[in-house]
Structures are given as C-alpha cells and as structure tokens.
Amino acid sequence: MGCVFRPQFAPETLASAARAADVAGLDELWLWEDCFLSGGISAAAVALATTEHLTVGVGVLPVPMRNVALTAMEIATLCRSFPGRVRIGVGHGVQEWMAQIGAKVASPMTLLREYVTALRQLLDGDEVTVDGTYVRLNGVQLDWPPPAGTELLCAAGGPRTLALSGELASGTIITGGTSPDVLRAAVAHIDTGRALRTQPAPHSVVTYLQCALGENAESRARQELRSWDFDVDADLAVYGTPAQVAAGARRWVDAGADTIVFQPGADVDFAEFVTAVGTQVQPQLAQPY
C-alpha cells in the first residue's frame with residue numbers, strides 16, 4: 001500500500017511528508033513526473049534520503065523526455081544507494097505535453113517498445129547496441145549497474161500498451177479513474193503480453209485509487225472525480241472511515257492489483273493523510289480475508 005504525493009504539493013514540503021509516511025509505517029510513497037512541476041528522479045532522491053524504510057515509486061517517467069542511457073544511469077544510482085526501496089515506471093507521457101516540449105514522436109508504441117527493451121538490457125548490465133527508429137545506442141554499458149532483477153514498471157491504459165507491458169516490463173501502473181471491472185479487463189490484456197515471454201516471470205499491478213477520509217468524505221471524493229472529468233457515479237473511488245476505505249479497496253485487490261496507491265485530493269493536509277492511511281487503513285487492508 002502507498003500514497004501519492006501529488007506534484008501540486010510544493011516540492012519543499014516533500015521531505016517532511018516522506019518522513020511522516022515513514023513514521024506512519026506506510027509501505028510506499030509514489031511521485032508523478034508531470035510537466036512542468038517536480039522532477040521525478042530528483043524528488044525520489046529527496047524522499048529516499050530523508051527516510052529509513054519507505055519504498056519510493058515514480059509513476060511515471062515520460063520516455064520521450066529522457067535519453068534511455070540517462071534513465072538507466074539515474075535508476076541505477078537510486079537502486080544502488082537505496083537497495084530494495086525504489087520502484088520506477090516509464091510511459092508514453094501526455095502527448096500534449098510531449099508536443100509542447102518538442103519531444104512528441106510519430107509512433108509512441110514503437111518508441112516505448114524500443115525504450116523498455118533497451119532500458120531492461122542496460123539495467124541488467126548488458127552492453128547495448130541498437131539502431132532503432134527512436135532509440136540508438138552504440139556499445140553502451142553501465143559502469144555501475146543496479147542490483148540484479150531491478151524492477152522496471154510500465155504505465156499502460158490501452159490494450160496494446162497493456163500487452164506490451166506484460167511482455168517486457170516487470171509490472172504495470174494503472175492510472176486513477178479505473179474501476180475494478182476495467183482493471184480486470186486490463187489484467188487480461190497484460191496476461192496476453194506475458195504469454196509471449198520466453199520465461200514466465202511475476203508481474204506487479206500498481207493501481208492509483210482516489211481516496212477521501214474523514215468529514216464529508218463522499219462529497220469530497222465526488223468533487224475530486226469531477227475535477228478529472230470522471231463519472232462520479234462509477235466505481236472509481238473509496239471514501240469514509242479507515243475501515244470503509246480498506247473494505248472498498250479490496251475490490252481493486254480482487255480485480256488483480258497487488259499494490260494500491262491511495263490518491264488524495266489536491267487540497268488535503270498530506271501528512272495527516274499518509275498518517276491515517278499508514279496507521280489505520282494499511283493494517284486493516286493487510287489482514288487476510
């Protein structure tokens with residue numbers, strides 16, 4: 001279980017928020033690299049350096065923004081410095097933003113396939129030479145590769161990207177605004193890709209889940225869903241008491257998620273939110289049922 005520190009929160013508050021999550025015993029803290037807010041790798045380094053036990057995830061780094069060799073170097077540095085506490089995902093990026101920075105490509109699927117393939121090889125310590133449509137490397141090898149088996153997640157929404165993630169990545173990140181039924185369908189597409197692997201491997205499914213705790217929780221959850229232009233009557237959020245939130249989140253676990261990342265509204269006191277999730281929701285959701 002985790003919570004997402006949204007990039008709408010000021011970056012100078014991240015260190016104290018991460019410490020609050022660590023003290024509360026929260027499993028994971030997740031970060032977004034949204035244009036043009038906080039950098040994902042630099043924010044992850046802040047959160048990791050100011051905590052002792054917390055796992056920090058970045059979901060996700062948009063691949064058009066970053067040379068794959070640089071991404072491999074950054075991931076390796078974090079994973080060697082904070083072993084077992086780093087989860088990094090990559091994805092297409094918001095195409096409007098990619099166009100805004102002059103990085104949009106004609107075929108995002110081709111780029112993602114080339115990128116994830118090369119990044120996996122680099123993280124495995126291989127020397128990589130590739131002359132693809134978008135990814136071109138000539139004898140590139142990390143001097144300081146990360147520990148063996150370093151996780152590489154991929155954000156996915158559509159059937160083709162979900163299948164690609166199942167085929168090439170070690171886990172898939174599912175966006176907020178995904179109902180349990182849609183998640184089940186997504187897992188089926190992931191499994192289609194996993195069937196293409198030459199060797200079976202575990203595959204994590206990380207799901208962001210809109211959450212509101214405390215007073216007027218239902219109305220605040222609905223307001224947040226409206227702000228994203230989601231259907232407020234669809235099954236897209238959990239809200240209420242910690243027990244109600246834990247019980248509600250089980251619907252996404254039953255649909256195939258092994259990691260639930262609770263997403264607060266942009267106006268909450270984040271330290272209070274992570275403390276409540278870590279000390280009250282997480283213990284209940286972790287119980288067998």
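Please read these numbers as outputs of a predicted model, since none were measured by experiment. Values reported hereafter were calculated over all heavy atoms of this structure, with side chains retained and with hydrogens, waters and symmetry mates removed.
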- Could you please spell out the steps behind the side chain to side chain donor-acceptor pair (under 3.5 Å) verdict for Arg87 and Ser204? CA-CA 11 Å; Arg87 308 186 73 186; Ser204 177; 2.9 Å; yes
- State whether Glu33 and Arg66 are salt-bridged, where the test is any N-O pair (Lys NZ or Arg NE/NH1/NH2 against Asp/Glu carboxylate O) under 4.0 Å. yes
- Query: Do the side-chain N and O atoms of His92 and Thr161 include a donor-acceptor pair separated by under 3.5 angstrom?
  - Reply: yes
- Message: Quick check against the 3.5 Å criterion: does Asp22 have a side-chain atom that pairs as donor or acceptor with the backbone of His53?
- Response: yes
- Thinking salt bridges, do Asp181 and Arg184 make one under a 4.0 Å N-O criterion? yes
- Ala76 versus Pro145, closest heavy-atom pair with distance: CB-C, 4.3 Å
- Students should find that the hydrophobic cluster of Val23, defined by side-chain heavy atoms under 4.5 Å apart, otherwise consists of none
- Message: When you measure from the side chain of Tyr115 to the backbone of Pro64, do you find a donor-acceptor pair of N or O atoms at a distance under 3.5 Å?
- Response: no
- Counting heavy atoms not belonging to Glu96, are there more than 12 under 6.0 Å from its CD? no
- Take Val86 and Ile75 through the side chain to side chain contact (heavy atoms under 4.5 Å, CB included) test and state the conclusion after the steps. CA-CA 8 Å; Val86 181; Ile75 293 174; 5.5 Å; no
- Item | Shortest non-hydrogen separation from Leu54 to Ala18 and the atoms involved | CD2-O, 3.8 Å
- Item | Heavy-atom closest contact (Ala69 atom, Val140 atom, distance) | CB-CG1, 4.3 Å
- Charged N to carboxylate O under 4.0 angstrom, Glu167 versus Arg197? no
- Query: Which ILVMFWY residues are connected to Leu153, directly or by a chain of links, through side-chain heavy atoms under 4.5 Å apart?
  - Reply: Val4, Trp30, Trp32, Val60, Ile173, Val206, Tyr208, Leu225, Trp228, Phe230, Val232, Leu236, Val261
- Item | Asn216 side-chain N/O to Ser219 backbone N/O, donor-acceptor pair under 3.5 Å | no
- Task: Flag the pair Glu218 and Arg222 as a salt bridge only when some basic side-chain nitrogen lies within less than 4.0 angstrom of an acidic carboxylate oxygen.
- Result: yes
- Message: To check you understand the geometry: which heavy-atom pair defines the closest contact between Gly265 and Phe9, and what is its length?
- Response: O-CZ, 3.8 Å
- Message: Within the 3.5 Å criterion, strictly below it, is a donor on Asp235 or Ser179 matched to an acceptor on the partner's side chain?
- Response: no
- Output yes when a side-chain donor or acceptor of Thr150 lies under 3.5 Å from a complementary backbone atom of Pro147, and no otherwise. yes
- Reference residue Val205; test side-chain contact (heavy atoms from CB on, under 4.5 Å); the match among Thr259, Ile174, Val253, Ile260: Ile174
- For the side chain of Ser227 and the backbone of Glu224, is there at least one donor-acceptor N/O pair under 3.5 Å apart? yes
- Note: Asp34-Arg6 ion pair, threshold 4.0 Å (strictly below): no
- Item | Backbone of Leu111 reached by a side-chain donor or acceptor of Glu114 within 3.5 Å | no
- Item | Phe270 and Phe5: CA distance, side-chain angles, deciding distance, ring pair (Phe, Tyr, Trp, His ring centres under 6.0 Å) verdict | CA-CA 8 Å; Phe270 189 74; Phe5 180 88; 5.3 Å; yes
- When every non-hydrogen atom of Val245 is compared with those of Phe262, the smallest separation belongs to CG1-CE2, 3.7 Å
Identify all side-chain donor-acceptor contacts of residues 273-286 below 3.5 Å with residues at least two apart in sequence or on another chain.
unit_1, atom_1, unit_2, atom_2, d
Thr275, OG1, Ala271, O, 2.7
Thr279, OG1, Thr275, O, 2.6
Gln282, OE1, Asp27, N, 3.0
Gln282, NE2, Gly25, O, 2.8
Gln284, NE2, Gln280, O, 3.0

- Query: Without hydrogens or angle criteria, can the side chains of Arg85 and Thr51 be said to hold a donor-acceptor pair below 3.5 Å?
  - Reply: yes
- Query: Under 3.5 Å, side chain of Glu151 to main-chain N/O of Gly171, donor-acceptor pair present?
  - Reply: no
- Mind listing the closest non-hydrogen atom pair of Val182 and Thr178 along with its distance? CG1-CG2, 3.8 Å
- Query: Can you tell me how far the CZ atom of Arg251 sits from the CG atom of Leu209, to the nearest 0.5 Å?
  - Reply: 8.5 Å
